[in-house]
Structure formats: C-alpha cells, structure tokens
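Written out below as structure tokens is the structure these notes cover.
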Amino acid sequence: SDLALEAGKAALADAGLAPEDLDLVIVATVTPDMFFPSVSSLVQGALGATRAGAFDILIGCTGFVYALSTASAFVQAGMAEHVLVIAAETLSRIVNWEDRSTCVLFGDGAGAAVIGRAAPGEGIQGFELWSDGNSSQYLTVPAGGSRRPTDEAVLQERAQLLHMDGHEVFKLAVRGCPDVAEAVMRKVGVTHDDIDWAIFHQANRRIIEAAAKRLDIPDARVVCDVEKYANTSAATIPLAMDELYKEGKLKTGQMILLAGFGAGFSLAAGLLQWTK
C-alpha cells in the first residue's frame, strides 16, 4: 500500500484532480499487505478519497490491463466519472531467495493512472481478457491461503513462496501474448501499421521480441525496460508507459497496444489512443 499510495498521489497530481474527485479506487496486486482489509481500502483512506469505493484485483501480471478494463466499464456505464487505477507489487517479499532461477527475475514497483470519460473515438478502444485455468499450476504460491494455511510444514517446504516452471510459462507466453494482442486488434479494426507503441508485460526480453516479431511490429515501436526494473508483475506495463510519458514520447493520437500474461494462466490486451 505504501508504493500504491505514492503512485496514486502522482497520478492524481498529473491529472489535476483532488482525492475527493475520485469515485472509485482499484488496485491490482498479488502481494497485498494482508488478506484484508484490501490494499485499495488502505490507499483510499490514506489519500482521503472520501467519496470513492475501493476494491482489489488479484490476477497477477495482467492486473493493470484487467483493472483498466474494469475502470473503463464503470465510466462507460455511468457508474463513475473518475477512477484511480493502481498496479502495485512487492514481489521481493514472496520470492524464494534460495531459488536463484526465479528470485533474480522479480522486483517491486507501482504505477497508476486516472481514467475518465474521453471524446468519441478517443481514449480506450477495447480489450480482450482470456484465462486458461488448466495451466494454472505453472506459476503459483502453493500455500498460505485457505486451502493450505501456513504451518511449520509449509515453512519448511517454502510453499508460501513463489514457484514457477519457467519453461512452461515461456511456452504459454510466447504463444498466448501475441494471440490475445491480435484478437484485440481485430476487434478494434487496426493493424500492426496503426500501432505507435507496443507495451508488453516486462517479464523476459525474448518473449517481448517474439511477440513483436509475430505481430510484425518494428523494434523501434516496442518498449523494453525489463533490465531496469525486472519483472514487477502487474506494475510492469504502467511503469513502461510512465517512462514513455515522462520522456515526451507519447503524442496525442498515437495508438498504444498493451498486452500481458501471468498467473492463472491469464492473458489480457487493450488498445488506447493517447489523448493527454
């Protein structure tokens, strides 16, 4: 919640809004401070967003895209005018530091955005949200929940920490990430030539390069910063967007593709036309 709060404050300042202007706070995270209260409730209270509802989304590395789609639906339905979307992770707290094949891959971070109504044809264009629960066993935290509460045996096995079959996750991601991206491009009616920036979940450079190649998007239009921040799960896409924004590379009218994959096994993609 500490990381989420700072990202939320920065997003509100950039949007020129006060906490009281928010109708809803959504936080995507798989590393909550505790089971409950939710991270979003802690952030909503700390911000002083007295008019806002709040809830968390626990879906892993696709969390930011899932949260964006949820915020978009609330705005389109007229149920909210301004929604604060935050992705915040402290994966350093749940990796097994004795498993050098996984612990060095992950990091901590947070990113946030304020979602509001855009003019017709601008802003968020569409989403595709997929899940393959039959492949959920390849990226898990096996214990610590209600099925297997933390006890001495769990701690001995380090089963309360992250476990990943990297080979299987790689295969699922290389196939699934471009598939879900192609699906949202077809839905919206755009081609690879229309994509100004492609921001994939920053888990692995080889996966990012394979997805871009499959989609025929040139390297110059693909963001890759995994070597700077590592895999921060749901936070990777907003962190990458924030870099582009602060470097002045995002221009009004540009089409941005967001696509990710993660535990579940979840897949998500969205298209938005930059308007800020």
Side-chain angles (χ1 to χ4, degrees), residues 1 3-29 38-57 59 62-88 110-129 184 187-188 190 195-197 199 234-260 268-276:
S1 63
L3 286 173
L5 178 62
E6 293 306 312
K9 288 178 178 177
L12 280 172
D14 188 68
L17 295 174
E20 296 82 3
D21 296 321
L22 293 174
D23 301 297
L24 185 63
V25 177
I26 304 174
V27 176
T29 185
S38 67
V39 175
S40 57
S41 293
L42 298 175
V43 172
Q44 176 265 328
L47 280 174
T50 52
R51 295 180 48 253
F55 61 85
D56 288 359
I57 291 179
I59 192 63
T62 55
F64 186 70
V65 182
Y66 266 78
L68 276 184
S69 71
T70 305
S72 175
F74 269 88
V75 173
Q76 289 186 54
M79 296 177 63
E81 185 175 353
H82 296 113
V83 181
L84 177 61
V85 172
I86 308 174
V114 178
I115 308 304
R117 187 166 297 281
E122 297 180 348
I124 290 170
Q125 303 295 301
F127 294 96
E128 281 285 327
L129 307 178
V184 78
K187 175 186 283 187
V188 174
V190 301
I195 304 300
D196 294 289
W197 294 106
I199 305 177
T236 69
I237 288 177
L239 284 174
M241 285 190 68
D242 189 60
E243 279 212 335
L244 287 176
Y245 176 50
K246 288 178 176 174
E247 291 171 2
K249 294 179 179 179
L250 291 181
K251 308 296 183 182
T252 298
Q254 288 184 331
M255 187 68 70
I256 304 170
L257 169 67
L258 312 177
L271 281 167
L272 62 95
Q273 188 177 63
W274 190 254
T275 57
K276 185 170 174 58

Legend entry - Salt-bridge contact K251-D196 (side-chain N to carboxylate O under 4.0 Å): no
Inset, instruction - Mark yes or no for whether Q44, through its side chain, and A49, through its backbone, hold a donor-acceptor pair below 3.5 Å. - result: yes
Legend entry - Which atom of A112 lies closest to which atom of P238, heavy atoms considered: N-CB, 4.4 Å
Legend entry - Test item: S38 side-chain N/O and F55 main-chain N/O as donor-acceptor pair under 3.5 Å: no
Legend entry - Donor-acceptor under 3.5 Å (W197 side chain, I199 main chain): no
Inset, instruction - Examine distances only and state if a side-chain atom of E6 and a backbone atom of A4 form a donor-acceptor pair shorter than 3.5 Å. - result: no
Inset, instruction - Ignoring hydrogens and angles, tell me if any N or O in the side chain of K187 forms a donor-acceptor pair with the backbone of F127 under 3.5 Å. - result: yes
Legend entry - side-chain contact (heavy atoms from CB on, under 4.5 Å) between L12 and L22, worked out: CA-CA 9 Å; L12 280 172; L22 293 174; 3.9 Å; yes
Inset, instruction - With the side chain counted from C-beta on, respond yes when I26 and L68 share a heavy-atom pair under 4.5 Å apart, and no when they do not. - result: no
Inset, instruction - Would you name the heavy atoms of A268 and L129 that are closest together and state the gap between them? - result: CB-CD2, 3.7 Å
Inset, instruction - With the side chain counted from C-beta on, respond yes when T252 and K276 share a heavy-atom pair under 4.5 Å apart, and no when they do not. - result: no
Legend entry - Closest non-hydrogen atom pair between G121 and Q125, with its separation: O-NE2, 3.3 Å
Legend entry - Short side-chain to backbone donor-acceptor contact, E243 and L239, under 3.5 Å: no
Mind listing the side-chain donor-acceptor pairs of residues 70-87 below 3.5 Å, one per line with the distance, residues two or more places apart or on another chain?
| residue | atom | partner | partner atom | Å |
| --- | --- | --- | --- | --- |
| T70 | OG1 | Y66 | O | 2.9 |
| S72 | OG | Q76 | NE2 | 2.9 |

Legend entry - Backbone N/O of E20 and side chain of R51: donor-acceptor pair under 3.5 Å: yes
Inset, instruction - Specify the closest pair of heavy atoms between T29 and A88, including all atoms of both residues, with the distance to one decimal. - result: OG1-O, 2.7 Å
Inset, instruction - For A113 and F64, work out which heavy atoms get closest and say how close. - result: CB-CZ, 4.3 Å
Legend entry - Atom of A11, atom of V114 and distance for their closest heavy-atom approach: O-CG2, 3.9 Å
Inset, instruction - Please examine the side chains of L258 and M241, heavy atoms only from C-beta on, and report whether any two atoms are closer than 4.5 Å. - result: yes
